[in-house]
Asks: 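If you scroll down you'll find the structure; I have some questions about it.
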Amino acid sequence: MEYNFLRIEEKWQKSWMQNRVYKTEIDPDKPKFYVLDMFPYPSGAGLHVGHPLGYIASDIYSRYKRLKGFNVLHPMGYDAFGLPAEQYAIETGQHPEVTTEKNIERYREQLDKLGFCFDWDREVKTCSPEYYKWTQWAFIQMFQSYYCRDAQQSRPIAELIQVFETEGNQRLNIACTEEIRFTATEWKSKSEKEQQEILMNYRIAYLADTMVNWCPQLGTVLANDEVVNGLSVRGGYPVEQRKMRQWSLRVSAYAQRLLDGLETIEWSESLKETQKNWIGRSEGAEIRFQLAGELCNNDLDSHFMTVFTTRADTIFGVTFMVLAPESNYVAQVVTPDCKAEVDAYIASTKRRTERERIADRKVSGVFSGGYAINPFSGEKVPVWISDYVLAGYGTGAIMAVPAHDSRDYLFAKHFDLPIIPLIEGCDISKESFDAKEGIMCNSGFLNGLTVPEAIQKAKEYVRNNNLGEIKVNYRLRDAIFSRQRYWGEPFPIYYRDGMPYTVALEDLPIELPEVDKFLPTETGEPPLGRAKNWFYDSENKKYPLELNTMPGFAGSSAYYLRYMDPHNSESLVSSEANQYWRNVDLYIGGTEHATGHLIYSRFWNKFLYDLGVIAEDEPFKKLVNQGMIQGRSNFVYRINGTNTFVSLGLKDEYDTTELHVDVNIVNNDILDLKRFKAWKPEYETAEFILEDGEYRCGYGVEKMSKSLYNVVNPDDIVVTYGADTLRLYEMFLGPLEQSKPWDTKGIDGVHRFLRKFWRLFHNDEHEFYVSDDAPLQSELKILHKTIKKVQSDIESFSFNTSVSAFMICVNELGALKCNKRQILQPLTIIISPFAPHIGEELWRLLGNKTSIVDASFPEYDDNLLVENLIEYPVSFNGKTRFTVQIAIDASEETIKQTVFDNPQTQKFMNGKEAKKIIIVKGKIVNIVI
RNA sequence: GCGGAUAUGGCGUAAUUGGUAGCCGCGCCAGAUUUAGGAUCUGGUGCCGAAAGGCGUGAGGGUUCGAGUCCCCCUAUCCGCACCA
C-alpha cells in the first residue's frame with residue numbers, strides 16, 4: 001500500500017469522532033494538565049494557514065502530555081459575540097446569530113480536518129444563553145462587591161452598608177471613583193436613591209460619567225479608531241468629546257495585584273513587560289498648592305489644588321502650574337478677565353480626541369489668570385491650562401519644572417516662562433535635563449543631595465509637614481464596559497427610580513431580545529431600545545432593562561473556567577471540577593491580547609478568587625505566544641498599456657506595473673500560465689515574455705489578506721499533502737514564537753519525509769512488513785537518541801528541531817534498512833503527537849488494538865547513548881586541526897600521551913614546545929605553542 | 001522618546017548553553033533510473049583558492065587557551081507603550 005494520506009486521515013478522524021477518543025473526565029488517579037488555545041472569533045473569511053499554528057503546537061503538547069500519563073484537558077470553543085457579525089447584520093438585515101452559526105460550522109469543518117484532539121463535548125460559545133448566563137452572573141457579583149484596600153480583596157457590598165450604618169466611612173480604605181466622607185448619621189439621613197448613588201462610588205461594576213467619543217448623527221459612541229480629524233469614518237459626521245454615563249469595571253483596584261501576580265507566572269519577558277507598562281506603577285507624592293488668596297473666589301475649601309509628581313525633589317524649580325482643560329480646578333482658578341480666552345481654548349481642545357492631541361504635539365495653552373503658592377519656597381507661580389496635561393491621570397494638574405521635564409521645557413520656551421536649573425552643572429540651554437542623577441542646587445534644604453536622596457527627603461518633608469501625602473499612582477484605568485450595540489451580552493440590570501438594580505439570580509440568563517433593526521432608535525438609544533417587552537418583572541411591576549450590551553472581552557474573560565464544567569446549570573464551575581483542573585497549565589495564543597483579554601481575564605479571575613468560587617489566583621500559569629504567519633505575496637509585471645506580462649528577471653527592460661497575483665496559481669514563484677489566463681477575464685488574452693521558458697514572479701512579505709491574493713487555505717494543503725504534512729510543516733517553519741512568512745516552498749521536503757517514514761514499514765512491493773528480529777546496538781542508539789532529543793524539544797517548545805530530529809532518525813534507519821518492530825513501534829509513538837493520522841495507522845498495522853493516544857511515551861536509556869571512545873578535537877592556539885579517538889574514561893595523562901603520540905601533533909608543533917595544555921574531559925584538547 | 005526582541009550560507013533555520021559554526025529542509029550542481037517529469041534514488045554544496053591554505057555568525061573593541069554564545073560600544077530591522085508628570 002502506498003502512503004495514501006487522504007484515506008488514512010479520513011478514516012481516523014471519523015473513528016476518533018465516533019469513539020469519542022478525546023473525551024476527558026475528572027480522574028483523581030492521574031495528574032491533570034490543562035492546555036488551552038485562545039478561542040477564535042469565527043469570522044466569515046474562515047481559517048487561513050496562519051490560524052492553526054498555535055493550535056497545532058498546543059495539540060502536539062496535549063498529545064505528548066497524554067502519552068506521558070497526564071489527564072489532559074484540551075477544549076475549544078468560539079468567541080462569538082462581536083462587531084463584524086453585527087456590521088454584516090446592519091448591511092444585510094441577516095440576524096448575527098445566523099451568520100455566526102454559519103461561520104462556526106465552517107470553522108469546525110476546517111478544524112476537524114487537521115486532526116486535533118479537542119474534547120468537543122466541552123465546546124462553549126459566548127453567545128449562547130447557557131454560557132452568557134455566567135457572564136451576567138459574574139457581573140452581578142461585581143455589582144454587589146467593593147474592593148477593600150486593607151484586606152487587598154473584593155468583599156460583599158452588604159458588609160459596607162453595615163459599616164456605613166454604624167460608623168460612616170471615616171475609617172475605611174476602599175477603592176472608589178471619588179473620595180467622599182460621611183458619618184453614620186449622615187448616611188442614615190439619606191434617601192434610598194442617594195444611598196444607591198453613594199454605593200455606586202464603591203462597586204466593582206459601577207455606573208459613572210466617563211469621557212467618550214460621541215457622534216450625535218449616528219447616535220452612538222465611537223472607538224478612537226473610528227474617528228479621524230473629529231469626523232466619523234462612517235458618514236463623516238462631527239464627533240465630540242462628551243461625558244456619558246457608562247458602566248465600568250474597577251480594574252484599577254487590582255493594579256498592584258495584577259503587577260505582583262506577574263512574578264508568579266511563566267510568561268515571556270516581553271509580554272510581562274507590556275503588562276507592567278500598561279499597569280504603569282509610579283511612586284511619587286501628591287502635593288497641595290494653596291491658591292493665591294486675593295484671586296480666588298470666596299469658597300474656602302477650594303483654596304488648594306493637588307498635583308501628583310514623581311519628582312518631589314524638583315519642587316524648588318516650579319515656575320508655573322498646568323491644569324488639564326477638563327480639570328475641576330479650572331473653574332476655581334480662572335479670573336473674570338481671562339475667562340473668555342480660557343473658555344475658547346477649552347472649546348477648541350474639546351473638538352479633538354485624546355488620540356489627536358497626542359498625535360499633534362504642537363504646544364498650546366492659555367493663562368488662567370490665577371496663581372498658586374509653592375509650599376516649599378512660598379513663591380507665587382502662575383497657573384496655566386494646556387492639553388498636554390491629561391485629566392485622566394494623577395489629579396489632572398501638575399507642577400511644572402521646565403528645567404527637568406522636557407514637556408514643561410517646551411511649554412516654558414513657547415510661552416517664555418522662567419526656567420530654573422536645580423542640578424549642579426546641567427546644561428539646559430537646548431533641552432531639559434530629565435535624568436534622575438546629579439547633585440541638587442538652588443533647592444534650599446535639598447542642596448548637596450543626590451537626586452534619589454532628594455526625592456526621598458522631599459517626600460518625607462511633604463508628609464511630615466502635612467503638605468500632601470506619599471502616593472503610588474497607576475496608569476491602568478477602569479474598563480468601560482458598555483457598548484451601544486446589539487450583538488453582545490445584555491446586562492442583568494433594570495432601573496427603578498433611575499437607579500440600576502440587579503435582576504434576581506434565578507431569572508438569569510436575561511436573553512438577548514429580538515429587534516426589527518440592528519440600529520439605534522430614532523431617539524438615539526441603543527438597538528435594544530427597539531425590543532418589545534424589554535422589561536423586568538419584579539413584585540408585579542415592570543421595570544425597564546438596561547439598553548447597553550457588554551463589550552467583546554466580557555465573554556472571553558472566564559471561558560477557561562467554563563470549560564472545566566461546561567454543562568453545569570447550577571454554577572459557573574463546580575468546586576469539584578475547579579479543585580481538580582484548577583487553572584490553565586499552558587496557554588497558547590497571540591501577543592495582540594497583551595493589554596486586553598490577558599489583563600481582563602486576570603482581573604476577572606482574581607475577582608472570582610476573592611469571592612471564593614475558584615482555587616487559583618492566576619488563570620494562566622504558562623503562556624506561549626505563537627508568532628504571526630505573514631503572507632508571501634506574488635507579483636506579475638504588466639508592460640504598461642499592453643496585456644503582456646514580463647518575467648521577473650526581464651522586467652527592468654520595460655516600463656511595467658507590479659500586480660498581485662493569486663499565490664495559489666504560482667508554484668515556487670513560477671506562474672501557471674494556463675490558470676493565470678483563467679483567473680480573471682481580462683487576462684484571457686494575456687501574453688508573456690518568459691525567461692528559460694518560464695514566467696518567474698516577484699514576491700514580498702505582507703499581511704495575509706484576501707485583497708492581496710496571498711491567502712493560503714489549509715484545506716487546499718490538506719488535499720494535496722495531507723494534514724500530517726501540514727502539521728509537521730507549520731512546526732518545521734521555524735521557532736514557534738517567531739513571526740514568519742508562509743512559503744509553500746519546502747513543504748515537499750516534509751511530505752517526502754513522511755513517505756520515507758511510511759516506507760520503513762513496507763517492503764519494495766508496498767506491502768506492510770516489519771521484522772521481529774532483535775535490534776542492533778546501532779539501531780537502538782538511533783532510536784534512543786531521537787527519543788531523548790524529541791522529548792526535550794517538546795518540553796521546551798522547540799517543535800521545529802524535533803521535526804529535524806525525526807528526519808535524521810528516519811534517514812539513518814533508512815540507510816540501515818532497519819524495519820524492526822522494536823525500533824519502529826516506539827518511533828511511531830513519539831511521532832504521533834506531530835502526525836497523529838499516520839501514527840495511528842501504523843500503530844494499528846503493527847497489531848495494536850487500542851488507539852495510539854493511550855500508549856505511553858517511551859523512556860530512553862542514556863547508557864545506550866554513551867560512547868566508549870570519544871572524538872577529541874585537538875586545537876593549537878585555539879584552532880582545531882584534527883581529532884583523535886580516546887577512551888571515555890582515560891586519565892588526563894593518557895589523553896596527553898595519545899595526543900602527543902599522534903604524528904599530526906608533531907607536524908603542527910613544528911618543533912616548538914607546548915606552553916600550556918588545556919584538557920577539558922570529554923570535550924577538547926587545546927595546545928598553546 | 002521609553003521599553004523589549006532580533007541579526008548566522010542563495011533561502012527557512014541548527015549549534016550539547018564558552019569547546020570542530022552551518023545539523024535538518026528548500027534551492028542549486030552532478031550522477032543513476034525513467035518514453036517523459038514539477039517523479040524517485042545517490043552524491044556534492046559557507047566564501048576565496050588549481051591546491052596548500054586563508055577568511056567567515058550585522059560593524060568595531062574587550063575578556064579567555066578557546067566567543068555565534070560573556071562584557072563594552074555602535075548599526076539595522078521588527079514589536080510594544082507613548083505628552084502618565
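Residue numbers start from 1 in every chain, and the chains themselves are labelled A, B, ... in the order their sequence lines are given, proteins ahead of strands.
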Asks: Between C1' on B:C26 and CH2 on A:Trp742, what's the gap in Å once rounded to a whole number?
Replies: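 Computing the A:Trp742:CH2 to B:C26:C1' distance gives 14 Å.
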Asks: Report which part of the nucleic acid A:Thr310 touches: base, sugar-phosphate, or nothing (heavy-atom distance under 4.0 Å, all strands).
Replies: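 If one applies the 4.0 Å heavy-atom cut-off, A:Thr310 turns out to touch the sugar-phosphate alone, with no base involved.
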Asks: Using the side-chain contact (heavy atoms from CB on, under 4.5 Å) rule, pick out the option among A:Asp724, A:Val750, A:Ile717 that qualifies with A:Tyr729.
Replies: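 Result: among A:Asp724, A:Val750, A:Ile717, A:Val750 is the only option passing the side-chain contact (heavy atoms from CB on, under 4.5 Å) with A:Tyr729.
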Asks: Contact class for A:Ile398 vs. all strands (heavy atom < 4.0 Å): base, sugar-phosphate, or nothing?
Replies: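 Counting heavy atoms under 4.0 Å across all strands, the contact made by A:Ile398 includes a base.
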Asks: Answer syn or anti for B:G80, where the cut-off is 90° from 0 on the glycosidic torsion.
Replies: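 This nucleotide is in anti.
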Asks: Please enumerate all protein N or O atoms sitting under 3.5 Å from an N or O of nucleotides 20-22 of chain B, with distances to 0.1 Å.
Replies:
| residue | atom | partner | partner atom | Å |
| --- | --- | --- | --- | --- |
| B:U20 | O4' | A:Thr880 | OG1 | 3.4 |

Asks: Taking the chi torsion of B:U17, is it syn (within 90° of 0) or anti (everything else)?
Replies: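 Here the answer is syn: the torsion falls within 90° of 0.
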Asks: Find the distance A:Lys740:NZ to B:C78:P and express it as a whole number of Å.
Replies: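 About 19 Å, once rounded to whole Å.
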Asks: Taking the six-membered ring for Trp and the full ring for Phe, Tyr or His, determine whether the centres of A:Phe799 and A:Phe732 are under 6.0 Å apart.
Replies: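 Between A:Phe732 and A:Phe799, which both carry aromatic rings, the centre distance is not below 6.0 Å.
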Asks: Which value, in whole Å, describes the distance between the P atoms of nucleotides B:C2 and B:A15?
Replies: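 About 33 Å, rounded to a whole number of Å.
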Asks: Distance under 6.0 Å and angle within 45° of the ring axis: does A:Arg752 meet both against A:Trp758?
Replies: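 Here A:Arg752 fails the 6.0 Å and 45° test against A:Trp758.
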Asks: A:Ile599 CD1 to B:C81 C1': how many Å, rounded?
Replies: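 Whole-Å distance recorded here is 13 Å.
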Asks: Using heavy-atom distances to pick each residue's nearest nucleotide on RNA chain B, tell me which of A:Met399 and A:Arg881 is more 5'.
Replies: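 Nearest-nucleotide comparison on RNA chain B picks A:Arg881.
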Asks: If the C1' atom of B:G54 is compared with that of B:G49, how far apart are they to the nearest Å?
Replies: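 Looking at atom C1' only, B:G54 and B:G49 are 8 Å apart.
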Asks: What parts of residues 724-739 of chain A reach RNA chain B, counting only heavy atoms under 4.0 Å away?
Replies: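 Contacts with RNA chain B under 4.0 Å: A:Phe732, A:Leu733, A:Pro735, A:Gln738.
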Asks: I want to know whether A:Phe320 and A:Phe411 have ring centres closer than 6.0 Å.
Replies: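 Judged by ring-centre distance (under 6.0 Å), A:Phe320 and A:Phe411 do meet the cut-off.
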Asks: Taking pairing as Watson-Crick or G-U wobble with both contacts under 3.5 Å, can you name the mate of B:G1, or confirm there isn't one?
Replies: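 Answer to the pairing question: B:C81, which forms a Watson-Crick or G-U pair with B:G1.
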Asks: Would you kindly give the OH-to-C1' distance between A:Tyr388 and B:A82, to the nearest whole Å?
Replies: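 Roughly 17 Å, once rounded to whole Å.
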Asks: Between A:Phe289 and A:Phe304, is the ring centre distance below 6.0 Å?
Replies: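 So the answer is no for these two rings.
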Asks: Quick check: A:Phe5 with A:Tyr3 (ring centres under 6.0 Å apart)?
Replies: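 For A:Tyr3 and A:Phe5, the ring centres are under 6.0 Å apart.
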Asks: Can you tell me if the side-chain N/O atoms of A:Tyr393 get under 4.0 Å from OP1 or OP2 in B:A85?
Replies: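 Looking at the OP1 and OP2 atoms of B:A85, one of them is under 4.0 Å from a side-chain N or O of A:Tyr393.
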Asks: Answer yes or no: are there more than 12 heavy-atom neighbours, outside A:Asn328 itself, under 6.0 Å from its atom CG?
Replies: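 Counting other residues, nucleotides and ligands, CG of A:Asn328 stays at 12 neighbours or fewer.
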Asks: Under 3.5 Å between N/O atoms: give me all the protein pairs with nucleotides 67-77 of chain B, atom names plus distance.
Replies:
none

Asks: So, is A:Thr595 near the phosphate of B:G80, with a side-chain N or O under 4.0 Å from OP1 or OP2?
Replies: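 Negative; the distance criterion is not met.
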Asks: Nearest whole Å is fine: how far is B:G3 P from A:Leu262 CG?
Replies: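 My rounded result for the distance is 19 Å.
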